[in-house]
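Accompanying notes for the structure given below.
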Amino acid sequence: MDDIIDQKEEIPTDGEPKVVNIAHRLRRMAALQPHKRAVVYPAGWDENGRVAYTHLTFMQLDRESDCLAHGLENIGIRRGVRTILMVRPSLEFFVLTFAMFKVGAVPVIVDPGMGVRRMVQCLRESKADAFIGIPKAHLMRLVYPAFFKTVNTWVTVGRRWFWSGCTLKHLYRGAWETYPLAETRADETAAILFTTGSTGPAKGVVYTHGTFDAQVRHIQRHFDIGTDEVDLPTFPLFSLFDPALGMTAVIPDMDPTRPAEVDPEKILEAIYNQGVTNMFASPALLNRVGGYGKAEGIRLPTLRRVISAGAPVSPGNIEQFSTMLEDHAEIHTPYGATEAMPVMSVGSREILSETRKFSEQGYGMCVGHPVEGIAVRIIRITDDPIEEWSDALVVEKGEIGEITVKGDIVTRQYFERPHDDALSKIREGDDIWHRMGDLGWRDNKGRVWFCGRKSHRVVTESRSLFTIPCEAVFNQHPAVFRSALIGIGKPARQKPVMCIELKDGGKGVDQETVKQELLNLAAKNPMIEDIKTILFHEAFPVDIRHNAKIFREELRAWAAGK
């Protein structure tokens, strides 16, 4: 298996750069295991109420994407053509994506969890040439025509109504014929991904074919993923790795933009029905399914691992979900971002037996050791650009600074955002260090402890306060659901304020009593003794995608008016 995964694409030329196209991995898997199911989709229910599934084998997925690649080329969606892709997780989503990789087109994918207004802003910024979407997506582009002025090719996935362009079914016409994959290079743009941007405007992250290829290798090696596995990817973008890894992807019956509202029974049913061995889930989904499963005494014997990312995962959340797992299974919490993933990782056994008690005391959240081949350094905190790398930037072990990473999974730039490139990238010869915008420190075992976003730190006249360590102490109060540290005023003269969201909406809780208890707690701890203002908020504003990242800018504006 490793030989297959590690094999690099190369054409026998005279010193020409290597060809790297992520679609080669699908073709290889189709040759290795043609009749294994590549994608499974819950299509409905039979007359007895059982879930009925439809699927594509690896051979079918490879051949259908070949057919579609010919069709895309015929209408002008070819190598380098930026193409907005707005299709729900489905069999067509996989066929379309690999067909686009095969022709060398550049999918522009926007996380719908950010909301329509922010989404169309991202789409305008991409300056795409083509648009492929379901009817609902076409209605959106008709409502906001000014945001799609550069698009001249339209494709509808499903029924086309009164708008122009062709349909996906039309592009499928013709008998199967192998499509010659575009000879893309490692540094050639493969996709532009816009994520939620919870700490500012969403930026388009430029992925190259080399970045995708490196991510597949690192994910496979670090998590020891085999071709005999079945995945339940509850985050659509992650599902694209499955065919490249040789895993069967089971598409869950859920709204991917509402993970915190998922029906636990449907998730558990898919795991049972399909013998799922791997699940990728946001902390919000983990919490909802874990809470239900623990209450019902459910066990999941087929699961080998759960990978949870997108936001920090609390030890309590991990402990709750672990009640459903067998001893051989583990929950992994990889650390990374759209710009670089995976960077570090730690497992649930180490969290629950070793690091949890320190996290609750305010040491930060342990995110583990760097993934093999990825360099991680902690540098001094600054909000200014850093043009050139210097080892003098690195802080002493144990000191809190900004986390920076270098390696083949690190993206080199944003799409047409030179100012953000200057703030986030540091050059070292031909290499790039990416500044994660996160703060942390390294312990004597080489593990990194996450202390919050750099932009969320509170700088008072005497020192800096960091969100994750401070909030962890307040979160130990039995009435507190979650807390959020914010600073009122300008940096260097900010006033620290701790916002509190109570459990169960604070029903039956005397806020004045809780407030005094929290202030007493702060007075006894030198790390948080400067916090003398407590405000109660009914429900924190959070990101739609993960339902976990707190929109602190909104919270700050609310607190400033109090």
Side-chain angles (χ1 to χ4, degrees), residues 198 260-261 283-284 286-288 290-291 294-295 311-321 351-352 355-365 450-453 456-460 462-489 494-543 546-562:
S198 58
E261 300 170 14
L286 208 66
N287 185 49
R288 187 163 176 83
K294 182 180 180 182
V313 194
S314 71
N317 195 350
I318 291 170
E319 184 177 49
Q320 177 178 257
F321 198 93
I351 292 172
L352 297 178
T355 67
R356 177 182 189 170
K357 58 180 179 289
F358 295 108
S359 294
E360 292 174 349
Q361 292 171 29
Y363 284 76
M365 192 166 290
F450 171 66
C451 294
R453 294 289 291 168
H456 294 158
R457 73 191 191 278
V458 175
V459 185
T460 70
S462 58
R463 60 174 173 159
S464 294
L465 299 174
F466 306 107
T467 54
I468 296 295
C470 294
E471 293 162 7
V473 179
F474 285 93
N475 289 343
Q476 300 313 305
H477 190 287
V480 173
F481 171 56
R482 56 186 163 189
S483 58
L485 173 69
I486 59 170
I488 303 296
Q494 287 183 309
K495 172 188 173 184
V497 174
M498 187 59 75
C499 300
I500 300 292
E501 183 179 341
L502 295 169
K503 289 179 181 174
D504 301 323
K507 292 179 182 175
V509 173
D510 182 352
Q511 289 192 1
E512 282 303 314
T513 300
V514 174
K515 181 178 180 179
Q516 192 55 54
E517 290 172 350
L518 292 173
L519 289 174
N520 292 341
L521 193 67
K524 297 175 184 175
N525 189 324
M527 182 176 66
I528 54 175
E529 63 184 1
D530 294 344
I531 301 173
K532 301 185 184 301
T533 302
I534 304 288
L535 295 178
F536 292 96
H537 193 284
E538 187 175 343
F540 287 172
V542 295
D543 70 296
H546 302 291
N547 301 154
K549 293 180 179 176
I550 300 166
F551 283 135
R552 291 166 193 269
E553 289 74 12
E554 290 183 32
L555 208 52
R556 185 181 298 120
W558 167 81
K562 292 289 180 180

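Here the structure is a predicted model, which is why all the values come from computation and not from measurement.
Annotation: ring pair (Phe, Tyr, Trp, His ring centres under 6.0 Å) contacts of F481 (sequence neighbours excluded): none. For D510, there are no salt bridge (charged side-chain N to carboxylate O under 4.0 Å, His left out) partners two or more places apart in sequence or in a different chain. Every residue two or more places apart in sequence or in another chain was checked for a side chain to side chain donor-acceptor pair (under 3.5 Å) with Q361, and none qualifies. Qualifying side chain to side chain donor-acceptor pair (under 3.5 Å) partners for T355, counting only residues two or more places apart in sequence or in other chains: none. Applying the side chain to side chain contact (heavy atoms under 4.5 Å, CB included) criterion to R288, with sequence neighbours excluded, gives V262, P264. Taking the side chain to side chain donor-acceptor pair (under 3.5 Å) definition, one finds that Q511 meets it with nothing, sequence neighbours left out. With sequence neighbours excluded, no residue forms a side chain to side chain donor-acceptor pair (under 3.5 Å) with Q494. For the side chain to side chain contact (heavy atoms under 4.5 Å, CB included) test, residues two or more places apart in sequence or in another chain that qualify with S359 are W449. Here E517 pairs with nothing under the salt bridge (charged side-chain N to carboxylate O under 4.0 Å, His left out) rule; sequence neighbours left out.
Taking CZ from F551 and CZ from R556, the interatomic distance works out to 13.5 Å, rounded to the nearest 0.5 Å. For the atom pair K524 NZ and L519 CG, the distance stands at 12.0 Å (nearest 0.5 Å). In this structure, OG on S314 lies 11.0 Å from CZ on R482, to the nearest 0.5 angstrom.
The two residues G364 and C451 make their nearest non-hydrogen contact at CA-SG, 4.4 Å. Scanning both residues, L555 and P541, for their nearest heavy atoms gives CD1-CD, 3.9 Å. A pairwise comparison of heavy atoms in G487 and V458 identifies N-CG2, 3.5 Å as the closest pair. Across all non-hydrogen atoms, the minimal contact from L352 to R356 is CD2-NH1, 4.0 Å. The heavy-atom pair separating A284 from A260 by the smallest distance is CB-CB, 3.9 Å. Here the closest heavy-atom approach between residue M498 and residue S483 is recorded as SD-CB, 3.8 Å.
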> What do the steps show when you test L518 against V480 for side chain to side chain contact (heavy atoms under 4.5 Å, CB included), and what is the final call?
Replying inline: CA-CA 10 Å; L518 292 173; V480 173; 4.3 Å; yes
> Can you check side chain to side chain contact (heavy atoms under 4.5 Å, CB included) on Q320 and N317, steps first, answer last?
Replying inline: CA-CA 5 Å; Q320 177 178 257; N317 195 350; 4.2 Å; yes
>> Does V473 form a side chain to side chain contact (heavy atoms under 4.5 Å, CB included) with N475? I'd like the steps, not just the answer.
In response: CA-CA 5 Å; V473 179; N475 289 343; over 6 Å; no
> Between H477 and V514, is a side chain to side chain contact (heavy atoms under 4.5 Å, CB included) present by the stated rule, with each step listed?
Replying inline: CA-CA 9 Å; H477 190 287; V514 174; 4.0 Å; yes
Residues 528-535, side-chain donor-acceptor partners within the protein, below 3.5 Å, at least two apart:
{"from": "D530", "atom 1": "OD2", "to": "R463", "atom 2": "NE", "distance (Å)": "2.8"}
{"from": "D530", "atom 1": "OD2", "to": "R463", "atom 2": "NH2", "distance (Å)": "3.1"}
{"from": "K532", "atom 1": "NZ", "to": "E529", "atom 2": "O", "distance (Å)": "3.2"}

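Annotation: side chain of R457 is not in contact with side chain of L465 (no heavy-atom distance under 4.5 Å). Side-chain contact between E319 and K294: absent, with no pair of heavy atoms (C-beta onward) separated by less than 4.5 Å.
The 12-atom threshold is exceeded at CG of N520, counting heavy atoms of other residues, nucleotides or ligands nearer than 6.0 Å.
Applying the side-chain hydrogen bond (donor to acceptor under 3.5 Å, both in side chains) test to every pair with at least one member in residues 464-473, sequence neighbours left out, gives these pairs: E471-R552. The stretch residues 513-538 participates, sequence neighbours left out, in these ring pair (Phe, Tyr, Trp, His ring centres under 6.0 Å) pairs: H537-F540, H537-W558.
Counting only distance, with no hydrogens or angles, the side chain of K503 and the backbone of P478 share a donor-acceptor pair below 3.5 Å.
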